[in-house]
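Heads up: the structure comes next, in structure tokens.
Since the structure is predicted, the reported quantities are computational estimates derived from the model, not experimental observations. To find a chain, count down the sequence lines: A is the first, B the second, and so on, and within it residues start at 1. These numbers come from the heavy atoms of this one structure, side chains and all, not from hydrogens, waters or symmetry mates.
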Number of protein chains: 2
Amino acid sequence: MPKFISNNKVYYTPVEYVLSKVGGTYKMPLLWRLKDQGKRFSELKNSFERISDRMLSKSLKELVDDQFLAKKVFAEIPVRVEYHITEKGKRAIPIISSLRDYGFQLINEDGIQIEP
Amino acid sequence: MPKFISNNKVYYTPVEYVLSKVGGTYKMPLLWRLKDQGKRFSELKNSFERISDRMLSKSLKELVDDQFLAKKVFAEIPVRVEYHITEKGKRAIPIISSLRDYGFQLINEDGIQIEP
DNA sequence: CTGCATCCCAGACGATACTG
DNA sequence: CAGTATCGTCTGGGATGCAG
């Protein structure tokens, strides 16, 4: 097996590396919501049924730090902040798209109820 | 947003559901290793540089419970156990394949050293 | 050989309160 | 409006030891 080192952390598989970047509950759903146009913090917050400010803020910050997203701050009062997908982020979209499709397929196969 | 309920747990996105099934450090790499032929516990263990018996056992068990893998026990002494991918498991392979490709691409973009 | 039991830790995530 | 701070909980994962 190969072996990748980044930030003093060792990864043993490419899948492990990808998930360390865009895994977790919110990162891919966030990129997906931003794939076509920028959105502001509150828009993103309202697009999830439940997400704490903390997790939204933390997830966005990490995506910005890893260059999947860019942050634009407008010096208005009250401030307006917009998040946009970057070129790097766009390269993740096809993967997220197929993961989503597969997700719906799995949900179907597993006979899971979708609540209205 | 839709909303899925399975085992008294609520999922809000298809991605979240997929990752609950095949996410984590080992599940996709395990399915990948089993895509073409069955392997036994010890073979799988040796194919990872480091993995505890506990995590290998736990990951395999969950994949079997969720029908991505099937387990065959041979009543020999000492026992031999083989794991095979199922039809359901095979449907995950294309996704894992593209995630892997994307992983290598990301590792490249990020300029990460691959250790020999 | 296979794999469970136990103990432990770090990190993910939630809830609430507070600020520029 | 867009966060940060703090605290608490739960799970993923590692280490070790034992068992059929």
Side-chain angles (χ1 to χ4, degrees), chain A residues 6-13 15-17 19-30 33-34 38-66 69-84, chain B residues 6-13 15-30 34 38-66 69-84:
Chain A
S6 173
N7 287 22
N8 291 329
K9 202 186 165 322
V10 188
Y11 303 90
Y12 293 85
T13 69
V15 167
E16 187 183 355
Y17 187 72
L19 294 186
S20 77
K21 293 300 180 186
V22 295
T25 307
Y26 303 110
K27 287 184 178 175
M28 289 197 271
L30 279 172
R33 279 161 173 74
L34 290 166
K39 291 193 195 307
R40 37 200 308 194
F41 192 89
S42 48
E43 286 182 276
L44 290 168
K45 182 163 173 63
N46 293 331
S47 77
F48 286 93
E49 303 204 6
R50 48 69 232 225
I51 183 175
S52 56
D53 290 343
R54 193 178 96 83
M55 283 314 297
L56 179 55
S57 167
K58 191 165 174 291
S59 304
L60 286 171
K61 185 173 177 12
E62 288 172 12
L63 287 171
V64 169
D65 287 348
D66 287 332
L69 294 180
K71 176 178 178 173
K72 218 187 286 186
V73 181
F74 297 86
E76 307 171 356
I77 294 182
V79 299
R80 179 160 58 100
V81 177
E82 280 185 10
Y83 291 90
H84 296 265
Chain B
S6 173
N7 286 22
N8 291 328
K9 201 187 166 319
V10 188
Y11 303 89
Y12 294 85
T13 70
V15 167
E16 187 182 357
Y17 187 72
V18 171
L19 293 185
S20 77
K21 293 301 181 185
V22 295
T25 307
Y26 303 111
K27 286 184 178 175
M28 289 197 271
L30 279 172
L34 290 166
K39 291 194 195 303
R40 42 199 303 197
F41 191 89
S42 48
E43 286 182 277
L44 290 168
K45 182 163 173 63
N46 293 330
S47 77
F48 286 91
E49 303 202 5
R50 51 62 231 233
I51 183 175
S52 57
D53 289 344
R54 192 178 97 83
M55 282 316 295
L56 178 55
S57 167
K58 191 165 173 292
S59 304
L60 286 170
K61 185 174 178 12
E62 289 171 12
L63 287 170
V64 169
D65 287 348
D66 287 333
L69 294 181
K71 175 179 179 174
K72 219 186 286 185
V73 180
F74 297 86
E76 306 171 356
I77 296 181
V79 299
R80 179 161 59 102
V81 178
E82 279 186 10
Y83 292 89
H84 297 264

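- The side chain of P78(A) has dC1(D) as its nearest neighbour among dC1(D), dG14(C), dC4(C).
- Dashed line: the shortest gap from a side-chain N or O of S57(B) to OP1 or OP2 of dC4(C) is under 4.0 Å.
- Residue K71(B) is in sugar-phosphate contact alone, with no base atom involved, counting any heavy-atom pair closer than 4.0 Å across all strands shown.
- In this structure, the nucleotide among dC13(C), dG20(C), dT2(C) sitting nearest to the side chain of V79(A) is dG20(C).
- The side chain of K58(A) places an N or O atom within less than 4.0 Å of a non-bridging phosphate oxygen (OP1 or OP2) of dA12(C).
- Atoms CZ (F41(A)) and C1' (dT4(D)) sit 10 Å apart, rounded to a whole Å.
- Salt bridge annotation for E16(A)-R50(B): present, with a cationic side-chain nitrogen under 4.0 angstrom from a carboxylate oxygen.
- For the pair L60(B) and R54(B), nearest-nucleotide mapping onto DNA chain C gives the more 5' position to L60(B).
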Given side chain to side chain contact (heavy atoms under 4.5 Å, CB included), test L30(A) with F48(A) step by step and report yes or no. CA-CA 9 Å; L30(A) 279 172; F48(A) 286 93; 3.6 Å; yes

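- Between T25(A) and dC13(C), a side-chain N or O to OP1/OP2 separation shorter than 4.0 Å is present.
- Contact annotation: S42(B) reaches the phosphate of dT2(C) (side-chain N/O to OP1 or OP2, under 4.0 Å).
- Straight-line distance from the CG atom of D53(A) to the C1' atom of dT6(D): 14 Å, rounded to whole Å.
- Among the protein residues, Y83(A) comes within range of the sugar-phosphate backbone only, with heavy atoms under 4.0 Å from sugar or phosphate atoms but none that close to a base.
- If you check distances only, the side chain of R50(A) never reaches the base of dG14(C) with a donor-acceptor pair under 3.5 Å.
- For the pair R40(B) CZ and dC1(C) P, the computed distance is 8 Å after rounding to whole Å.
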Go through the steps to decide whether D53(B) and F41(B) satisfy the test side chain to side chain contact (heavy atoms under 4.5 Å, CB included), and finish with yes or no. CA-CA 9 Å; D53(B) 289 344; F41(B) 191 89; 4.3 Å; yes

